[in-house]
Amino acid sequence: MKMKLDLEDYGIYEGISETIVTTSRGWSINAAPMGIIRRKDKLFLRLFKGSTTYDNVLSEKILVANTTWNAITFVNSTFSDLNDSEFESENCNGRTIVSLKEAQSWVAFECTNTKLTSDALVAELIPIRTHVNKCLIRAPNRGFLGVIEACIHGTRYQLTGDEKYLKLIKAYGDIVDKCGGETEKEAMKLLYGYL
Ligand SMILES: Cc1cc2nc3c(=O)[nH]c(=O)nc-3n(C[C@H](O)[C@H](O)[C@H](O)COP(=O)(O)O)c2cc1C
């Protein structure tokens, strides 16, 4: 079932929104940060080969994009697995969708027009269900954004082993020290532990 909706009501604006994408296949559930790309009212997702999210989306053609400001969730879902107790699931037109309990809001998407290249898939996203848990009013915080950037450089460091990424992570770590709250500082500590 197609829906007409204001994506902004669910936190998804023009450009790339950094969400936690939750997916499932059989009994296994997964969460990972993924960018939802919005150009006007078209939505896409680019998934690089090698992740569980890639495998789940290719097989199930459905995903949930969760909005959260929890820096610890970004770090843990990038480098490890979340606990099963952090998810909830529901039936959506005969299919199971999983989301994050702590999300401020989420949108479930059907993936269509999937294009495969040698290293990635690009899918168009059609919203099929939405949910708002709580409205969060929060000013931009450089510490939180620093954790997000450090996570991205952390994945690059793990892929390549290039020390330049460690320097970048350290630079973002300094911003987290200066501007972040306790959650962002704890998230940064966790991140260093994963590297
Ligand atoms: C903020 C952020 C955004 C990301 N966006 C994407 C993305 O759009 N596509 C992608 O393939 N990987 C993206 N990644 C990397 C994946 O989250 C990372 O490879 C993760 O370990 C995959 O986990 P999984 O194997 O549980 O799916 C992103 C990472 C971060 C921190």
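Every number for a ligand or one of its atoms is a count from 1 in the order of the listing.
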Check ligand 1 against [X] and write out every atom of the ligand that is under 4.0 Å from a heavy-atom position of the residue.
{"X": "L47", "answer": "11 (O)"}
{"X": "I148", "answer": "1 (C)"}
{"X": "R46", "answer": "7 (C), 8 (O), 9 (N), 10 (C), 11 (O)"}
{"X": "C151", "answer": "31 (C)"}
{"X": "T78", "answer": "20 (C), 21 (O), 31 (C)"}

Quick test of your reading of the model: are E110 and R129 salt-bridged, counting only N-O distances below 4.0 Å?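 No.
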
Do the charged groups of K170 and D174 touch, with an N to O distance under 4.0 Å?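 Counted as a salt bridge, because a side-chain N and a carboxylate O are separated by less than 4.0 Å.
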
Who's the nearest protein heavy-atom neighbour of [atom], and how far?
{"atom": "atom 11 (O) of ligand 1", "answer": "F48 N, 2.8 Å"}
{"atom": "atom 27 (O) of ligand 1", "answer": "T53 OG1, 2.6 Å"}
{"atom": "atom 3 (C) of ligand 1", "answer": "E18 OE1, 3.3 Å"}
{"atom": "atom 18 (C) of ligand 1", "answer": "T155 CG2, 4.3 Å"}
{"atom": "atom 23 (O) of ligand 1", "answer": "A32 CB, 3.3 Å"}
{"atom": "atom 14 (N) of ligand 1", "answer": "P33 O, 3.4 Å"}

Show the atom names and distances, to 0.1 Å, of all donor-acceptor pairs under 3.5 Å that link a side chain in residues 179-195 to residues at least two apart or in another chain.
{"unit_1": "E184", "atom_1": "OE1", "unit_2": "G181", "atom_2": "N", "d": "2.7"}
{"unit_1": "E184", "atom_1": "OE2", "unit_2": "R138", "atom_2": "NH2", "d": "3.2"}
{"unit_1": "Y194", "atom_1": "OH", "unit_2": "N76", "atom_2": "OD1", "d": "2.7"}

Give a yes or no on whether L63 and L82 share a hydrophobic cluster (residues Ile, Leu, Val, Met, Phe, Trp, Tyr; joining criterion: side-chain heavy atoms under 4.5 Å apart).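 Hydrophobic grouping puts L63 apart from L82.
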
Min side-chain heavy-atom separation [X]-[Y] under 4.5 Å:
{"X": "C151", "Y": "P33", "answer": "no"}
{"X": "N56", "Y": "N30", "answer": "yes"}
{"X": "L121", "Y": "K115", "answer": "no"}

Before signing off on this row, confirm whether [X] and ligand 1 have an N or O atom pair separated by under 3.5 Å.
{"X": "G35", "answer": "yes"}
{"X": "S77", "answer": "no"}
{"X": "T52", "answer": "yes"}

Assess the residue pair W106 and Y10 against the criterion (ring-ring contact (aromatic ring centres under 6.0 Å, His included)); give the C-alpha distance rounded to whole Å, side-chain angles, the decisive distance to 0.1 Å, and a yes or no. CA-CA 6 Å; W106 55 256; Y10 305 94; 9.1 Å; no

Here's a test for you: under side chain to side chain contact (heavy atoms under 4.5 Å, CB included), which of L125, L45, L43, I16 qualifies with I37?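 Result: among L125, L45, L43, I16, I16 is the only option passing the side chain to side chain contact (heavy atoms under 4.5 Å, CB included) with I37.
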
Under a 3.5 Å distance rule, please check whether T19 uses its side chain to pair with a backbone N or O of M34 as donor and acceptor.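 Present.
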
Using distance alone, with no hydrogens and no angle criterion, decide if E60 and T23 have a side-chain donor and acceptor under 3.5 Å apart.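 Absent: no donor and acceptor within the cut-off.
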
Please work out whether any backbone atom (N, CA, C, O) or any side-chain heavy atom from C-beta onward of M34 is under 4.0 Å from ligand 1, and answer side chain, backbone, both or neither.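 Looking at M34 and ligand 1, atoms from backbone and side chain both fall under 4.0 Å.
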
Side chain or backbone of N30 under 4.0 Å from ligand 1, or both, or neither, by non-hydrogen atoms?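 Side chain only.
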
Among all the protein's heavy atoms, is there at least one whose distance to atom 21 (O) of ligand 1 comes out below 4.0 Å?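 Yes, there is one.
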
